[in-house]
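Please read the structure below before turning to the comments.
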Amino acid sequence: MTFHFETVKDVNFYHLVENCDSCYEKGSVRVYPSGCILQKHFKQYAMEIKNFKVYSDDIWVISYPKSGTTWTQEMVWLIENNLDFVTARRTLQRDRFPFFEVKCALLRDQKTLHPLQMIDCLKRPRFIKSHLPVDLLPAQLWTVKPKIIYVVRNPKDVAISYYYHHRLMHGYRGNINTFVEIFLSGNVAYGPYWRHVLDFWKLRDEPNVLINSFEDMKKDICSVINKTSRFLGRTLNEDQVTALAQYLSFESMKNNSSVNFHNTGPDNEVIDFIRKGEVGQAPDELEPDLIERFDAWSSRHLRDTDYHGSL
Ligand code: A3P
C-alpha cells in the first residue's frame, strides 16, 4: 500500500482554517486513496500506523466522527467489563478506550514520547477508538482480525452534529449552512463521508466486523446490546440488558462526566458534547434547498452501490 499526500488548497478548507481556533491549519493533507483530510504531521506516522501491531483480542470501535462513537464505546466497554458501571463512571472514557490516532492526526503534543506508544502498551484486551478510513488503518486488522464495531449514522445528522462539535471543540465562527456546504465538498477533517462509510460497508460480511447504526440504537437499544453482545461472544440476561440500556440512555450519558463535558462556543453559547442525540434534525437546522441538495449528493454517491444503511 502506498499513500499519496496532497496539500489541501480548497477554498472551503481555507474557510475552516480562518474560522476555527484549532484542528485546521495550512499545510494539512489529503491522504489518498480515500482522500481523508488530516493534519500535516500525519505524514510522518502513516506507515507506522499501517504497520501497527494488532492483537486478536483487541476491540476496535471505528466510525466517521459524530456517528455515535462515544455511545458505542460505552456499550462495548461495559459488555466486555461485566457491566462495571462504577469504574465506567469513575474513569474518563478516553482513558478506558483511547483514541488511536489523536496525536498523529489531530493534536500535536510535544510532551508525548511517541504518539502510538500509549496505545501499543495498553493493558490487554485493548479498547481502541479510531476515525481513520479503511485504507489508513493498520493492515493487521484484516489479517489478525480482532473484533471491530463500526457505527454509522445518517449523513445529515452527522453533518449537523459535526457543526456543533466544531463550535464546541474548535471555536468555529461560521454558520451551519456554510459548514454543511463544506461537509458536502469533503473538506472537513476526516474528509469525504461516503467513501468512509462505503469502504466499511463492503466489509460488513467479514466475521470480525459488526456494523451498527445510530438510528437502530435510538429505536431499540436493547436489540443492539443483544446483537453486539452476541458478536463479542458474551451473554447478558434480561436484567443486565435493562440495566445497560438505562446506563446508555441519553439523560444518563448527559449526566455522566466520564463521557460528557461542555464548553462555551464563539457566541457564548454553552454546548454539551452529549448534545441532543436525535434522529432527523435537518428540518429544524438547515435551509430546505440545502436539504434537497444534500439528498441529491447522497443519491449520487449511492448510485451503483447496494448500501441500505442509515440515510
Ligand atoms: P448530537 O450532536 O446530534 O447530539 P460521537 O461520539 O461519534 O462524537 O457522536 C456524538 C453524537 O452522539 C452527539 O450527537 C451525541 O449527542 C450523540 N450521543 C451520545 N450519546 C448518546 C446517547 N446516549 N443517546 C443518544 N445520542 C447520543
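These values consider heavy atoms only, across backbone and side chains, with no hydrogens, waters or symmetry-generated copies. Atoms within each ligand, like the ligands themselves, are counted from 1 in listed order. On a predicted model such as this, the values are computed, not experimentally measured, just so you know.
Counting only heavy atoms from C-beta outward, the side chains of Ile149 and Ile59 approach each other to under 4.5 Å.
Of the N and O atoms on the side chains of His114 and Tyr45, not one donor lies less than 3.5 Å from an acceptor on the other residue. Residues Glu215 and Asn154 have side chains that bring a donor and an acceptor to within less than 3.5 angstrom of each other.
Annotation: ligand 1 has protein neighbours Lys66, Ser67, Gly68, Thr69, Thr70, Trp71, Arg153, Ser161, Phe214, Leu248, Ser249, Phe250, Met253, Phe273, Ile274, Arg275, Lys276, Gly277, Gln281, each with a heavy atom less than 4.0 angstrom from the ligand.
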Extract all donor-acceptor atom pairs below 3.5 Å that involve side chains of residues 135-146 and protein atoms in other chains or at least two apart in sequence.
unit_1	atom_1	unit_2	atom_2	d
Asp135	OD1	Ser34	OG	2.9
Asp135	OD2	Ser34	N	2.8
Asp135	OD2	Ser34	OG	3.0
Gln140	OE1	Val54	N	2.8
Thr143	OG1	Gln140	O	3.4
Lys145	NZ	Glu206	OE1	3.1

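The aromatic rings of His170 and His166 sit perpendicular to each other, their planes meeting at more than 60°, with 30° as the lower class boundary.
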Subject >> Pair Glu238-Cys222, side chain to side chain contact (heavy atoms under 4.5 Å, CB included): steps then yes or no >> reply: CA-CA 9 Å; Glu238 223 174 289; Cys222 293; over 6 Å; no

